[in-house]
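Worksheet: the structure to be examined is printed underneath.
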Amino acid sequence: MTLKPEVFRSELTGDEYHLFHHPSGLDVLTMPMPGFTTTEAIFATKYGSVINRFKTLDTGDFITVPDGIAHYLEHKLFENEDCEVFELYAKTGAMANAFTSFDLTGYTFSVASDYREPLRILLDFVQKPYFTDENVEKERGIIAQEIKMSADSPSRAIFFRMLECLYHVHPVKTDIAGTVESIQEITTDLLYKCYNTFYNLNNMVLSIAGNIDDETVLSICDECLRPSENRELEFDIPAEPADVVRKRSSMIMPVGVPLFMLGFKCDPLVGTELQKTSIAVELMLRIQFGSMSPWYKKALEEGIINMSFGFEVFSSDLGYFSILFSGESDRPDELYESLVKEIEDCKTKPVDAELFAILQKEKYGTEVFKYNQVTNCTETMCFHYIQGLNCFDSFKFMAELTVDDIENAKRLLDLDRSSFCTLSSK
Amino acid sequence: MSVEYKRKVCGEGVALTEIFDKKFKSFAVVVRLIAPADAVKTPLYLMAFDIISMCSRKYPEKEQLTKALVKLYSSSIVSDEQKFSDFESISLSLNCLADEYTIGKEKISDKAVDMFLDCLFDPLIENGGFSQKYFELTRKEMLDDISSIVNSKRRYAAQLAKPYIFKGEGAGINQYDEREAIENATAQSVYEAYKEFLRTAVFEITVTGAELGDDQKQKIVERILSIEGRKPVIVNDYRSPSPIKSELCCKEAEIEARQTQLIIAYKCPEIIEDVFKIFATILGASPLSKLFTNVREKMSLCYYCDAYPIVTKNTILVTCGLDENDLDKAITAIDEQINAVRTGDFTDEELEYAKKYLIDAYLGDYDSKIKLSGWFFGRWIMSSSDSPEEKTDKVRAVSREQVIEAAKSFVKDTQFVLKAVTGGVEDNDS
């Protein structure tokens, strides 16, 4: 093994992972986990549903592709010229899957026996597209059913309605799978264009953890990876105005208990700034609205929320950052008033120092739990890499957080840049 | 594998299973209480366990308990339920970092186990019942959960189909059947049910992951053995094959949605577990199964078409989400795939792949405390103590002929369709 890795080590928990810059252009993340039986891998491209306008040396000028094409491509890669990819995996016992998110498409396997052949299959099939008019057409019905299944989900419906209310032009407001109509425009030629653009090893990463050793992983990479030339990929995500589209929206569809979402649009961030701010906001949300906060206790006891209440930072370095509250409520208007009051009040009150300290301590336990599970390790390495970050930094940033950071995070809850959506039955 | 497994019967209806693996940095204690499924009693037991997971006499407020646990490096105490056969397992579990991995090797396991036992045996009592506040919260939570079943069309269809598939059986009780008992419950009646549950349930305790001290394990067992008036309902065999109906039962319901849901139950009189699971895998439990490759991939009728084996009930459920116009085509195609297995129309490779798929899934359980705990509980239900590794030999031994015979013995018993009718999302914005 001649490649020297960059080594990332958590001084706190002793966990360690490695980053190799493979000569093919691919970055390879490894975390050997002694004593574990399984191996899990993600072979991912930094290509998700929000990238639908791009150019490379091959395309010349910018081209625009239909909504849902990244997801369609994910489905289609599972067909090889000579056989189905699942058949190859079946010979090894490995379980394979794939996912498309807003900013990432990943191909995964999990295996409890020898991982070498599944890894070869993974690296090989993702680099070997085989699209024909016939097999592209065949997939349309399957994906249309997937879209209809998602459309029947009230929580998904309100989530995308919230994004439509927050974002004027950013493609994040469109469902990852597109629509039954938009996928009709997807052709073999367009799929190849997207594949050749984004499935370039310089734009991809392999993350693998579990019962592995670096030498074997790298030797399989040497054997299977076909070097990619950098084709100078550029993509265009439209500039998003600061204000929201609509402050209020309500939908009607069959639902057990009415759903609500309150969203705050924030300025987009990238890199370390994105990670630090996300951690500060998450901590602030837990202090003000988490299950240990006085507001949560009161809201739960008054019955304006139930235990489905939650919040999240929804962000990526592709131009969106928002803070979302969600859950079920029989009295959404009362809940809205209560949240708004608490948001206004919390900006004038000091941070609960005891809770702040407890939550920092909790983070240590969470980190130890996290890196003691193969799936978490594979995903955490991959997702941090995509954002240009080191997994273990989050703990460091958490430990460095000050009360001022929490106060700054509160300011992101700007009611002038918020939207409130409800979904209820007729 | 480096797993050490030990099981000890500690008293009538009380057993302790220890599964130790030094690779884990935390341990999980799961105390499962098992009782026959019952539309009136089960929801009260569930309410009781939800309440005791939120507070105790020492920590009368939910946030006090949460804070105390978070201080123990993000430990957690949660309640859970699992329906199996005609029975219900309701559990309280503790997940805690091993002392060796805390900062400065701080000893937290003792405190965590004490808090866990306090929740389980020393609840907050007011006026001869559970805390009114937490009773009300739990009741609302359970009723909301029942109302929200409809949010997932697949889950809703499964709940509606259950009473038809398992008519008159414990497994046929759905969450809608439990609603009345929840609505009529009081803080007092739930507390009485809790006490009865402690007296009559079978206790299966598992301690999984990093090592937990003998003193702490002993403390858990002794506390259970000291419950007054214990009269556990002992069951010798938890398997309960579902009777096959004399003719196919076809039922329908409607919902405003875009996708129709189809559920078909096939049953057989007798099974050999490993053969049954191989049959289900070949039919529809893997991406190389007959249902996936034919109904989804070749015919493009649906996004999912799966077969799910319910071993204790000798039943396979096939579920599919599709356009109503394609319903007849899909039903015919599903029947054809079952017939294909019955007539031996599957290759040796398909058989081999199914075995590998199952074996790999079994061995994967070694890497999760919760899955290991679930594995040995599942084995206990089947009156076995096979480790995942031992089970793989049994899977390898299954022959092609056995799979064909198993497929032949399955009869189509119930067909349920949840039809999508016009509706979906409406905009209510002015």
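Just so it is clear, the values below take in all heavy atoms, side chains as well, and ignore hydrogens, waters and symmetry mates. In what follows, chains carry the letters A, B, and so on, assigned in the order in which the sequence lines appear, proteins first and then strands, with residues in each chain numbered from 1.
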Where does [X] contact chain B at under 4.5 Å (heavy atoms): side chain, backbone, both or neither?
{"X": "A/V257", "answer": "both"}
{"X": "A/S293", "answer": "neither"}
{"X": "A/T375", "answer": "neither"}

Centroid separation B/F292 to A/F86 less than 6.0 Å: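 For B/F292 and A/F86, the ring centres are under 6.0 Å apart.
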- prompt: Using a distance-only test with no angle check, is there a side-chain donor-acceptor pair under 3.5 angstrom linking B/D367 and A/Q373?
  reply: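 Looking only at side-chain atoms, A/Q373 and B/D367 do not form any donor-acceptor pair under 3.5 Å.
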task: Establish, from distance only, whether the side-chain atoms of A/E328 and B/S148 form a donor-acceptor pair under 3.5 Å.
output: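 Judged by distance alone, the side chains do pair up.
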- request: Identify which of B/Y362, B/Y134, B/Y304, B/Y303 forms the greatest number of heavy-atom pairs closer than 4.5 Å to chain A.
  value: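 With the most close heavy-atom pairs to chain A, the winner is B/Y303.
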task: Among the options B/E136, B/E61, B/K298, B/M299, pick out the one with the most heavy-atom pairs lying under 4.5 Å from chain A.
output: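 Greatest number of close heavy-atom pairs with chain A: B/E61.
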task: Select one option (side chain, backbone, both, neither) describing which atoms of B/T102 are under 4.5 Å from chain A's heavy atoms.
output: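 The backbone, not the side chain.
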message: Check for me whether B/K23 meets the cation-pi criterion with A/F36, that is, NZ or CZ under 6.0 Å from the six-membered ring centre and within 45 degrees of the ring axis.
response: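 Verdict for A/F36: a cation-pi partner in B/K23.
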When you check the gap from the basic side-chain N to the acidic O, do [X] and [Y] get nearer than 4.0 Å?
{"X": "B/K67", "Y": "A/E354", "result": "yes"}
{"X": "A/K138", "Y": "B/E297", "result": "yes"}
{"X": "A/D152", "Y": "B/R154", "result": "no"}

